Amino acid sequence: MKNIFSKIVTGLILVGSTCSCSEDFLDLSDPNRESMDTFWKTEEQFKEGLSASYSGWRRPNIFSRWYHAWMILRSDEGYSESPAPEWKAYGNFQLTSYNTDGTEGITLPWRGIYSQLFYVNQVIDNMNSHGYEVFTDKEEADKLLGQAYFIRGVDYWFLGGTYGKGPLQLSSVGEGPIVEQEAIYKQALKDFQDCENLLPLKWSGADLGRVTKGASLGMQARVNMQLAGYYKRPSINNIEEANKYWSAAKKNIEDLFKLNLYDLVPTWVDNFTESNENNQESIFEIQFKDGTYNGKELGMHRPKFFGLYLASGEGAWNDGSACDWLLDEFDKELDKDGKPDIRKYYTLFYDNPDDDMKYYGKTYQEWKSVSSDALPHKCYWRKYTSVDSDNKAEDYSSGVNFRMLRLADVYLMYAEVLNELNGDRTLAVEYINKVRRRVNMSDLNPTSLQSYDALKEQLRHERLVELCGECVRWYDLDRWGDIHTQEGINKLAERDSDFETYRLGISHLICIPNHELSLYSGLTQNPGY
């Protein structure tokens, strides 16, 4: 479904001039410039406003580029040796010197979040004021409002995991109060709750790729788990409150299972290709398309910044590199046939004597022969790149959709929740084994994983090898408390030297763009910046 971007929303004075963001469900005609008095009068105008809201996900500000940079480089999965010093700062937490208007990684995500909030709050405001009078079909009106709430929830999810502070904008007019991470996550949770019963179970045809009830339940579970981790932090240590959120997440996941709509795809790598998008495993997916429209890229920028850099000038920039220790983690187990975990092969590009596959047109050894220092790192990112194609170079417009949430992740989330609640650990291990069986790994024996510590340690491994490079690791480290104790930080520094400059109580958040501080009454810089 790749003809979605064929038309564009332009001239909307309320939402600004913006490209449509997704696939078939964003085929729109170009309206004439509208005034505030004439817009939000027809069903089509509401749909155009929603399309403008979706468009923020496709822009570099969020899921096309910077979401990947912040979630991978700050975690222990990635680091940067980019010639651009600000990229190194994104990973080593030394941000203060780069908090200028010209540092896109700091300014653009903030701008993207609040621009999208402005768009989507117009949809919500006008739907709640008179939109249901405009629509002839209440169910269609419900679905539109539900999508708007979901989009707003994602904005607050991203804001909570990065800046951790900002205006709580729940209307397109006026300024909301300044709130911090706890309140931001709670607003994200409320938005995901509010959309649950408004969204359909699934979409089809030209609408495939829109958000669904299952996506709402999955994201509720994610936020509930993050809030549980928040209350478990040593500085808060409210276990009773944490358990309320673990329990809520458990119910969210079980409700998602009851929908009976999702299943693991037989071939693991199908989760990262353009040919099998919006598949049975995908619960929430960001839609991209290769190419441009009116000079605007419609695809994902990630491969250009995280793909393999080659001395020949081909490939990508490799501004975001994969940490060497990831290879060791994958090598902890062989599969049932005595072979390396197939997920290693499709996650990372590395020197593999048994691999005669071509990467950007040459084998690993052929690239090494081009220059002695052609491939100086032990490993590079393969997941979400076209390294195994003959393209020779990445561009700014990968057509591969980004799988924001998939069933394998939810299975591992469920195992984690059961462990945190001291629930049925045998059942938890079964859900881990569901994920392992798909990639020919042997079943774990539940009798050896009946303690909290043993199962949590196993889950650390399972989530890493299954979800490596999928932008969940930072949220994991935060939820597990690893970045909230000096002991945890020291352990991270043993495998990722960037954490040697991590500052406890400061570096778990990024700095707010300095130029924004004077624009919002009461907004102050995060501590330590």
Side-chain angles (χ1 to χ4, degrees), residues 67-68 71-78 157 161 218-219 221-226 228-229 232 246 249-250 252-253 256 264 268-269 271-272 281-284 322-323 325-333 335 341-344 346-348 381 383-384 402-421 423 425 427-439 441-444 446 449 451-484 488 491-492 495-496:
Y67 185 80
H68 307 272
M71 296 308 161
I72 293 176
L73 295 183
R74 284 193 300 165
S75 80
D76 57 345
E77 289 181 340
W157 165 254
M219 290 305 293
R222 271 192 169 173
V223 182
N224 274 316
M225 291 174 69
Q226 221 59 32
K232 282 191 69 177
W246 291 125
K250 179 175 180 289
N252 295 148
I253 295 170
L256 189 151
L264 300 180
W268 183 79
V269 74
N271 288 302
F272 319 108
E281 185 168 342
S282 180
I283 298 172
F284 171 29
C323 289
W325 76 273
L326 299 175
L327 293 172
D328 298 329
E329 193 70 20
F330 280 103
D331 288 342
K332 284 184 175 179
E333 289 184 82
D335 71 9
D341 188 334
I342 193 66
R343 293 171 294 188
K344 175 186 177 184
Y346 285 112
T347 299
L348 302 169
W381 291 114
K383 187 180 283 187
Y384 281 119
F402 177 58
R403 279 65 161 184
M404 183 74 172
L405 180 64
R406 56 189 181 90
L407 186 63
D409 188 355
V410 177
Y411 280 170
L412 298 177
M413 289 162 60
Y414 191 52
E416 182 176 342
V417 167
L418 290 173
N419 191 43
E420 292 291 340
L421 291 171
R425 292 193 170 92
L427 180 61
V429 173
E430 173 58 22
Y431 275 90
I432 295 173
N433 283 334
K434 286 175 183 285
V435 175
R436 291 170 60 89
R437 289 173 194 140
R438 192 244 305 263
V439 290
M441 302 299 287
S442 299
D443 275 10
L444 300 173
L449 296 169
S451 73
Y452 173 86
D453 290 339
L455 185 51
K456 184 171 183 178
E457 192 62 28
Q458 186 66 41
L459 277 164
R460 288 176 180 274
H461 170 77
E462 301 297 338
R463 288 189 63 80
L464 190 285
V465 295
E466 176 66 25
L467 304 167
C468 186
E470 295 182 41
C471 300
V472 301
R473 181 69 173 181
W474 178 259
Y475 285 102
D476 288 351
L477 297 176
D478 183 11
R479 184 176 65 255
W480 296 335
D482 293 15
I483 58 174
H484 298 292
K491 288 182 179 179
L492 289 168
R495 57 179 178 262
D496 180 358

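Keep in mind the model is a prediction, meaning the values are calculated, not measured.
- Each of Asp496, Asp482, Asp76 was scored for a salt bridge (charged side-chain N to carboxylate O under 4.0 Å, His left out) with Arg473, with one residue passing: Asp76.
- Contact check for Arg343 versus Phe330: side-chain heavy atoms found under the 4.5 Å cut-off.
- Annotation: side chain of Asp335 is not in contact with side chain of Ile342 (no heavy-atom distance under 4.5 Å).
- In this structure, Arg425 and Asn419 have side chains that are in contact, with non-hydrogen atoms separated by less than 4.5 Å.
- Classified by interplanar angle (parallel below 30°, tilted 30° to 60°, perpendicular above 60°), the ring pair Trp157/Tyr475 is parallel.
- Note on Glu470 versus Arg406: salt bridge recorded, some NZ/NE/NH1/NH2 to OD/OE distance being below 4.0 Å.
- Residues Asn224 and Trp246 form no side-chain contact, since every pair of their non-hydrogen atoms from C-beta on lies 4.5 Å or further apart.
- Electrostatic pairing of Arg437 and Glu430 counts as a salt bridge here, judged by a charged N lying under 4.0 Å from a carboxylate O.
- At least one side-chain heavy atom of Lys250 sits under 4.5 Å from a side-chain heavy atom of Leu418.
- Within the 4.5 Å cutoff, side-chain heavy atoms of Arg222 are placed close to those of Asp409.
- Rounded to the nearest 0.5 Å, atoms OH (Tyr431) and CG (Leu407) are 9.0 Å apart.
- Residues Glu416 and Trp480 have side chains that bring a donor and an acceptor to within less than 3.5 angstrom of each other.
- Considering CG of Asn433 and CG of Leu444, their distance stands at 5.0 Å, rounded to 0.5 Å.
- Panel note: side chain Asn271, backbone Trp268; a donor-acceptor pair is recorded below 3.5 Å.
- Tyr452 is listed as a side-chain neighbour of Glu420, based on a closest heavy-atom distance under 4.5 Å.
- Nearest heavy atom pair, residue Ala408 against residue Glu466, reads CB-OE2, 3.4 Å.
- Salt-bridge annotation for Arg495 and Glu329: absent, with no side-chain N of the basic residue lying under 4.0 Å from a carboxylate O of the acidic one.
- Between Tyr384 and His68, the gap from one ring centroid to the other reaches at least 6.0 Å.
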